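Data first, discussion second: the structure below is written as structure tokens.
Each chain gets a letter, A, B and so on, in the order its sequence line appears, and its residues count up from 1. Because the structure is a prediction, the values reported are computed rather than measured. Side chains included, hydrogens not; waters and symmetry mates left out as well; all remaining heavy atoms used.
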Number of protein chains: 2
Amino acid sequence: MTETRAPVGRGMRARRRVLRAALDVLADDGMPGFTIESVARRAGASKATVYRHWASPSALLVDAMDAEFRPLADVDTGDLRADLVALLSLFAASLTGSPFPQLMAAFTDAAERDPALGEMHAELTRRRREPLLRVLTAAVARDELPRGTDADLVVDLLAAPFFYRRLIAHQDIPEDLAGRVVDHVLAGLRPGEAVVVRAKTPTLGARRSDRQGN
Amino acid sequence: MTETRAPVGRGMRARRRVLRAALDVLADDGMPGFTIESVARRAGASKATVYRHWASPSALLVDAMDAEFRPLADVDTGDLRADLVALLSLFAASLTGSPFPQLMAAFTDAAERDPALGEMHAELTRRRREPLLRVLTAAVARDELPRGTDADLVVDLLAAPFFYRRLIAHQDIPEDLAGRVVDHVLAGLRPGEAVVVRAKTPTLGARRSDRQGN
DNA sequence: CGTCAACGAAACGCACTCGTATCGATAGAG
DNA sequence: CTCTATCGATACGAGTGCGTTTCGTTGACG
């Protein structure tokens, strides 16, 4: 028994092809089209091969999502606002220029009905939040934010609008959304002078565009 | 020809039963289970009846979602914070005590792939936003919020965290989330003394509970 | 009370997925 | 170079949805 589980063998390549194909199918056709047959077909693999590796479609889906996950690059320039805007802009980019939203929509639906997928969804979300969380706790540590700040709630406030606009409201995500969200949220965090200072910067002045009508 | 299209005929009752069944199926089984056959079965109707009324599954889905839509009760006590908290609490309740989240997840996925459903999704979301939007513009009108306030962005900031926590992060929604979100967002909107004033009211004092640990 | 449109039930052929089984081909290990 | 585990391909019967058609029933309206 070689026990070493050869890092790159024949089986490993097939496995990776299938995982990749699984995500392609999911993004293109959603859960209704996510079938063992169509994944195998797309991977150029045999059904038997897929069944050999995964006991159920959920198991395959979990592995595929896990393999695909890429954490946002960590940033820490020491400038809270710049760090947050950078992270959220990266996130916004993945929401506009990749199949990520389709994957999210399909997986969200599946997670709503399969507990194992639900747990996986929660875990992936937790990982995605980490960079933001680190930036915020660092800011608290150097007293740039009040000590009692609930960093988890702040991450919700920062990240949620991007999902919401893209997946729920079906509006596009303007270039400056990251900056405006960060400004609004940070302004709400600073009791006293910090808010006033920021309220007078050009940043907020630029939002006087009320062309939105009623 | 009675032309009046009897408001409650035999056909009307069947139609309504099918629409109701469509939502039940969608909430229970998601898009993969949303099939003409299973909807008809659940409605105690014949497939032929369903096909007589709707040309495609999407058409049925659009009608079903449209029929189900219930706008949030309109509130206007004149107290901005109270109104927002009331609306968001109602919304939070529908996210925790009804099949609404499952419906949203399934419909979001479908909307991602069918342009007609996407348009519908955007429209329903627009309608859901209206009460919040009205409360905000009223507050601007009576100078409780700055004139340049971007009400649309504020609605994003207010509503998004609820979807996010329930559908993406799979966390539960605490009782006081509505109040805390509103406080954070409002604090970010008020340049100068308004923020300071609110920061000293019992309202924000209540959020000094950082028992969130971490 | 009779008429008739709309109903529910059932059956149809077609296409597809499921999960399993069998087969020859092949790549990697000894 | 040989052996063997794993591969891709293919076939299978059972199950299901599709979209349509047929047929007997029912309920609203004249």
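OP1 or OP2 of D/dC18 sits under 4.0 Å from a side-chain N or O of B/T35. B/R13 has no side-chain polar atom (N or O) that falls below the 4.0 Å cut-off from OP1 or OP2 of C/dG8. Contact check, A/R52 against D/dT6: no side-chain N or O comes under 4.0 Å of OP1 or OP2.
The A/Y51 side chain lies nearest to C/dT20 when the options are C/dG8, C/dT20, D/dG19.
Along DNA chain C, the nucleotide nearest to A/S46 and the one nearest to A/E37 differ in position, and the one closer to the 5' end is contacted by A/E37.
Between A/F162 and B/Y164, the distance separating the two ring centers is not shorter than 6.0 angstrom.
Summarising the geometry, the separation between CG on A/L60 and P on C/dG19 is reported as 12 Å, rounded to the nearest angstrom. Atom CZ of B/R41 and atom P of C/dC7 are 20 Å apart (whole Å). One interatomic measurement links the two molecules: CE of B/M12 to P of D/dC29, which rounds to 13 Å at whole-angstrom precision. Rounded to whole Å, the distance from CD1 on B/I36 to P on D/dT20 is 11 Å. A/R16 has its CZ atom 16 Å from the C1' atom of D/dT6, to the nearest Å. The CG-C1' distance, from A/D29 to C/dT17, rounds to 14 Å in whole Å.
Contacts of B/A40 with the nucleic acid, taken as non-hydrogen atoms under 4.0 Å apart, are absent.
Salt bridge status for B/D156 with A/R165: present, with a side-chain N to carboxylate O gap under 4.0 Å. The pair B/D66-B/R127 meets the salt-bridge criterion, since a charged nitrogen lies less than 4.0 angstrom from a carboxylate oxygen.
Here the straight-line distance linking atom OG1 of A/T35 with atom NZ of A/K47 works out to 8.0 Å at 0.5 Å rounding.
Within 3.5 Å, no donor on the side chain of B/K47 pairs with an acceptor on the base of C/dG8, nor the reverse.
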